[in-house]
Amino acid sequence: MSERAATAVAHANIALAKYWGKAERARNLPAVPSLSLTLDALRSTTRVVPDAALRADEVVLDGAVASGRSLERVVRMLDEIRAKTGSESRARVVSSNDFPTAAGLASSASGFAALALATTTAYGLAATPSDVSALARRASASAARSVYGGYVALRSGVEAAEPVLRAEEFPLAMVIALTASGPKSIGSTEGMRHTEETSPYYAAWLANAPALFEEIRTALLARDLERLGPLVEQSALMMHASMLAARPALVYFAPGTLRVMERVRALRAAGTLAFSTMDAGPHVKVLTEPGSVTAVESALRGVEGVLDVRVSGAGPDARLVPEPP
Ligand code: DP6
């Protein structure tokens with residue numbers, strides 16, 4: 001099979017209906033269905049160059065040579081593709097994000113989606129978007145969703161994500177308030193395991209998340225932000241409730257997190273459609289209409305504890321980009 005250098009771009013996504021918990025650890029299958037919005041402004045670019053002369057895979061992430069767990073996750077994906085193609089070539093992988101990863105914004109989703117697309121192409125494996133999504137999912141389940149633009153679902157117990165609505169069919173925006181610097185303390189994979197093993201509320205999360213996902217999907221298909229927004233807030237807070245009830249508690253909120261949530265409620269009381277969601281970190285992502293972005297952004301910049309604010313519209317599919325000549 002022919003091997004060549006390949007470069008792919010994929011965008012980060014933020015879940016409107018959250019994934020938290022695994023049905024099967026070995027295959028990394030989520031225990032609950034999730035639904036996300038792919039973001040235009042947050043992007044990973046990943047280049048994979050197979051090279052028969054290399055003795056080991058070389059991985060550089062955001063300018064630093066990868067080691068330990070982050071190297072392992074990349075090598076595992078390369079091994080999976082090599083096992084399929086019969087190739088023995090190691091690869092040089094260079095990946096970078098155009099958003100600050102040190103600030104703790106989710107980068108694994110866009111990174112692994114770009115890696116999955118670049119790797120299948122570099123090793124000459126014929127792969128549909130659904131195959132690429134399944135490959136990305138095995139590395140990090142949220143990455144399955146970054147293979148597609150717009151609104152994307154990943155159902156529980158299935159291999160690949162599925163597009164739900166294109167970005168232009170319901171153009172919403174996200175205003176992201178960064179409320180802490182430095183990498184997050186406990187990663188998602190570890191945080192999920194801790195919640196599954198110790199939180200008495202995990203069972204309640206599992207029992208309620210699927211119905212909430214269906215409500216979110218229905219409100220989205222109706223393009224009804226007034227209905228969608230409160231459900232999105234509930235999904236995030238229900239997930240955080242399961243984390244907070246773990247032993248010891250998993251608290252991802254910083255003081256600024258609660259202040260931003262409060263400010264968003266005040267904006268809403270004054271008539272702006274804006275809704276908060278938080279992942280396994282302290283930052284608040286605010287879902288709103290494109291016409292309200294400027295007002296929401298300036299409101300959030302004025303909140304104590306907010307270090308920076310970034311704005312994004314809905315983003316496109318993961319894609320290959322031409323190699324430099
Ligand atoms: C809170 O996809 O990072 O962002 O599959 O273990 O790699 P692994 O977890 P990951 O979890 C994301 C969790 C979340 C919610 C979401 O994106 O749905």
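This structure is a prediction, so every number in the text was calculated from the model and none was measured.
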(Q) So E58 and V93, do their side chains get closer than 4.5 Å, heavy atoms only? (A)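 V93 does not reach E58 side chain to side chain.
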Q: Side-chain contact test, heavy atoms from C-beta onward, threshold under 4.5 Å: evaluate it for V132 versus T128 and give yes or no.
A: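 Heavy-atom side-chain distance check fails, nothing below 4.5 Å.
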Q) How far apart are the C-alpha atoms of R138 and E80, what are their side-chain angles, what is the distance that settles it, and do they pass the salt bridge (charged side-chain N to carboxylate O under 4.0 Å, His left out) test? A) CA-CA 10 Å; R138 288 190 281 274; E80 189 178 334; 2.6 Å; yes
Q. S34 and R145: side-chain hydrogen bond (donor to acceptor under 3.5 Å, both in side chains), yes or no, with the steps?
A. CA-CA 9 Å; S34 59; R145 302 186 309 236; 2.8 Å; yes
(Q) If hydrophobic clusters are built from ILVMFWY residues whose side chains come within less than 4.5 Å, do Y202 and M192 share one? (A)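 Yes.
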Q: Sorted by first residue and then second, give each salt bridge (charged side-chain N to carboxylate O under 4.0 Å, His left out) pair with at least one member in residues 251-262; sequence neighbours left out.
A: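 Salt bridge (charged side-chain N to carboxylate O under 4.0 Å, His left out) check on residues 251-262 returns R259-E304, E262-R265.
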**Q.** salt bridge (charged side-chain N to carboxylate O under 4.0 Å, His left out): pairs with one or both residues in residues 315-325, sequence neighbours excluded
**A.** R47-E323
Q.
Checking H240 now: which residues fulfil ring-ring contact (aromatic ring centres under 6.0 Å, His included) with it, not counting sequence neighbours?
A.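 For H240, the residues satisfying ring-ring contact (aromatic ring centres under 6.0 Å, His included) (neighbours in sequence not counted) are F253.
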Which donor-acceptor pairs under 3.5 Å do side chains of residues 63-79 form with protein atoms, sequence neighbours excluded?
unit_1: S70; atom_1: OG; unit_2: S67; atom_2: O; d: 3.3
unit_1: R73; atom_1: NH2; unit_2: A139; atom_2: O; d: 3.0
unit_1: D79; atom_1: OD1; unit_2: R82; atom_2: NH2; d: 2.8

Backbone of [Y] reached by a side-chain donor or acceptor of [X] within 3.5 Å:
X: R92; Y: V48; answer: no
X: R43; Y: V9; answer: no
X: S87; Y: S89; answer: yes
X: R137; Y: E159; answer: yes
X: D98; Y: L42; answer: no
X: T85; Y: I81; answer: yes
X: S133; Y: A161; answer: yes

Q. Taking it one step at a time, do N13 and S146 satisfy side-chain hydrogen bond (donor to acceptor under 3.5 Å, both in side chains)?
A. CA-CA 6 Å; N13 72 77; S146 274; 2.9 Å; yes
Output the distance between atom [atom1] ([X]) and atom [atom2] ([Y]), rounded to the nearest 0.5 Å.
X: I216; Y: F213; atom1: CD1; atom2: CZ; value: 8.5 Å
X: S242; Y: W205; atom1: OG; atom2: CH2; value: 6.5 Å
X: L287; Y: I14; atom1: CG; atom2: CD1; value: 10.5 Å
X: E233; Y: M261; atom1: CD; atom2: CE; value: 7.0 Å

Show me the donor-acceptor pairs within less than 3.5 Å that the side chains of residues 165-178 make with the rest of the protein, sequence neighbours left out.
unit_1: R166; atom_1: NE; unit_2: E168; atom_2: OE2; d: 2.9
unit_1: E169; atom_1: OE1; unit_2: R166; atom_2: N; d: 2.6

Q: For E214, enumerate each residue passing the salt bridge (charged side-chain N to carboxylate O under 4.0 Å, His left out) test, keeping only those at least two apart in sequence or located in another chain.
A: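 Once residues adjacent in sequence are excluded, the partners of E214 under the salt bridge (charged side-chain N to carboxylate O under 4.0 Å, His left out) criterion are R155.
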Q) So which heavy atom on W20 is nearest to which on S188, and how close? A) CH2-O, 3.8 Å
(Q) When you compare the side chains of T277 and K18, does any donor N or O come within less than 3.5 Å of an acceptor on the partner? (A) yes
